[in-house]
Amino acid sequence: MRVRDNRRGCCIFLKDGDSPRVMYKKRTIGLYLTRICIMRVNRKLCFVVAVLVPMSFFCFHMWTKSDKVVAVWNREAPEDLLDNSPLQPLEKYAGISLKWKSEVLELLPKSNCKCEAETTLDIPFRQELIGKPYAVNFTASMVPLGIDETHKRRELEYKKFLMRSYSPADKIIVAEANSPLQYPLQGVEVRPLKTILIPGLGLLDLKKKQNYEVSLSCTLGTLNVAAEVDSVTIKGAGEKQITLSSSLLDNLNRQLQLVSYSNTVFNPNTADTVQFQSDGHTATFTIKVRHPTIPKLYDMGPTKSKYNISSLVTIATKTFLRYDKLQDLIDSIRKFYPTITIIIADDSEKPQKIEGPFIEHYIMPFRKGWFAGRNLAVSQVSTKYVLWVDDDFIFCPQTKIEKLVDVLEKTSLDLVGGAVREVTGYYTTYRQIINVIPGDKEGDCLKTLQGYHHIIEGFPNCVVADGVVNFFLGRTDKILKVGFDPQLSVVAHLEFFIDGLGALHVGSCDDVVVDHASKIQLPWSKTKTDKEYSKFRYPKSSHAVTSQHKLFYFKNRLKCMTGN
Ligand SMILES: *[C@@H]1O[C@H](CO)[C@@H](O)[C@H](O)[C@H]1NC(C)=O
Ligand SMILES: *[C@@H]1O[C@H](CO)[C@@H](O)[C@H](O)[C@H]1NC(C)=O
């Protein structure tokens, strides 16, 4: 830090690499010093303050401003990932005869998915037992809303999404045959604007030569050497391309161990592609540019043999009109977990007071919606885990939250569902497998299947799936990251797991059970609240369906869906 003192004012020099905190300190000191020199240089304080203080601000602004311009959009667009060119051979191989294996060809990805309701075995009472296969066309739902315009807007957003989410490190790089070059294939990483030694560089002596020469080049940084090895000539140190040459191969190889890479373009979550060349051979590898992942840790308190559920888990629920059911839920929870925090999001028109220890009641605008309520409730959770329950569930002796906590503590799962026991005695786990099959310009196809991927080792009652029932325990931070789309106001559940596909690792255990108080009800036993509730919850209008289809069509870029 330097201070310039002259008649025009005082400036503090801020360095490029200063952290925001240091910059803030320097600015504060700077203001102070400005005042001191004002007093020394000019005694007409008021006038000088009026001129110099804004000037010093301007001065700092100029010094803290970097003149670098980085095109943060300018990431390489991905090529078609489904490269089927091996299936159409080069001219050189065209004459070679082969026999296609259709059972393998069928398994290869194709960009032409279709949604047709599966015609699986027709067992008696199939529909009643496991539901009916279905196929829904989202494009057809969009036609009344102006399909052409919507499609154009969607594809534009999709292109931007690809540009945002693509990393050059995802690109396939092929190593040419017979290269004398040794280089790192993957795993090289640098922090933005920081420097590393590139590991693993070397040159193999294929044929004895008078002089060996290698060069390296990159685009988002500069290359240098950490030391200069004897008898090695270095050209371009500190530039985008560096050339090293020597008549002694060992010296050159020693020099290659000391090549450094400095990232100079601040554009985290991308990658620099480095070209490594010698004597007509070229190798390409990537250096990932990214910040470290900042952990988000929760203190579980002193370790004990048993989990302290009250300090680990918060129960979240959303209610609408059904205060009698909610009270039954709260009473049942208190029987087993007297000090666990319960968060309630409520969008009833005339909210009633829900009071009691360890209860937080959040009132929302009338009919704000199902997912909006979930979002609000989960956003207020401060424990490591959140247990989602519907307001018409009832805790029973088999509602052992400890078991679900144990699964999440001992596996890499982010979310684990339980089972909901219906009034009929039937257990719902609603285990779903979700597939997104590549499509065409119209969109991709969503395929949901009842079932799971595999059983979890050490937990014989638990399996891994992609979607589970409305009763689940999840890592709070992961659930917040995926979020519940507040646009889904009425019927929605699977949508959360579709949004979370690839981000959430999901499991399901059928030995942790919660009772379902309602659902199957005889029409004459319905109370007034029940009737009013069903009016809002299961609307007859097609509006809710259309808006759900619109979200599938636009947000998830799907054209259709099938399921069983
Ligand atoms: C859906 O319907 C539209 C219009 O009715 C049609 O053009 C399109 O091919 C259908 N898409 C699928 C996947 O069946
Ligand atoms: C469990 O956690 C709660 C809340 O953090 C705390 O008040 C309670 O004392 C803990 N119980 C035990 C047995 O440690």
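Counting starts at 1 for both ligands and their atoms, in listed order. Everything numeric in this text was worked out from a predicted model, so none of it was measured. No hydrogens, no waters, no symmetry mates; every other heavy atom, side chains included, goes into these values. Numbers for residues simply follow the sequence, beginning at 1.
Ring geometry for Phe484 versus Phe371: interplanar angle over 60°, hence perpendicular rather than tilted (30 to 60°).
Summary of contacts: the protein heavy atom closest to atom 10 (C) of ligand 2 is Asn308 ND2, 2.4 Å. From the protein, the heavy atom lying nearest to atom 5 (O) of ligand 1 is Ala140 CB, 4.2 Å. Closest to atom 2 (O) of ligand 1 among all protein heavy atoms lies Asn137 ND2, 2.4 Å. Atom 4 (C) of ligand 2 has Ser311 CB, 3.9 Å as its closest protein atom, hydrogens excluded (heavy atom only).
Ligand 1 has at least one atom lying under 4.0 Å from a heavy atom of Lys559.
Side-chain contact between Phe497 and Ile434 is present, with heavy atoms from C-beta onward closer than 4.5 Å. Using a 4.5 Å heavy-atom threshold, the side chains of Lys410 and Phe459 count as touching.
Any N or O atom pair closer than 3.5 Å counts here, and Ser310 shares no such pair with ligand 2. The shortest N or O to N or O distance between Glu442 and ligand 1 is under 3.5 Å.
When only modelled atom types and interatomic distance are considered, Asn470 and Tyr430 share no side-chain donor-acceptor pair under 3.5 Å. Between the side chains of Asp485 and Asn375, no donor-acceptor pair is found at a separation under 3.5 Å.
Atom 14 (O) of ligand 1 lies below 4.0 Å from at least one non-hydrogen atom of the protein.
Cation-pi contact between Arg154 and Phe554: absent, since separation from the ring centre below 6.0 Å together with deviation from the ring axis within 45° is not met.
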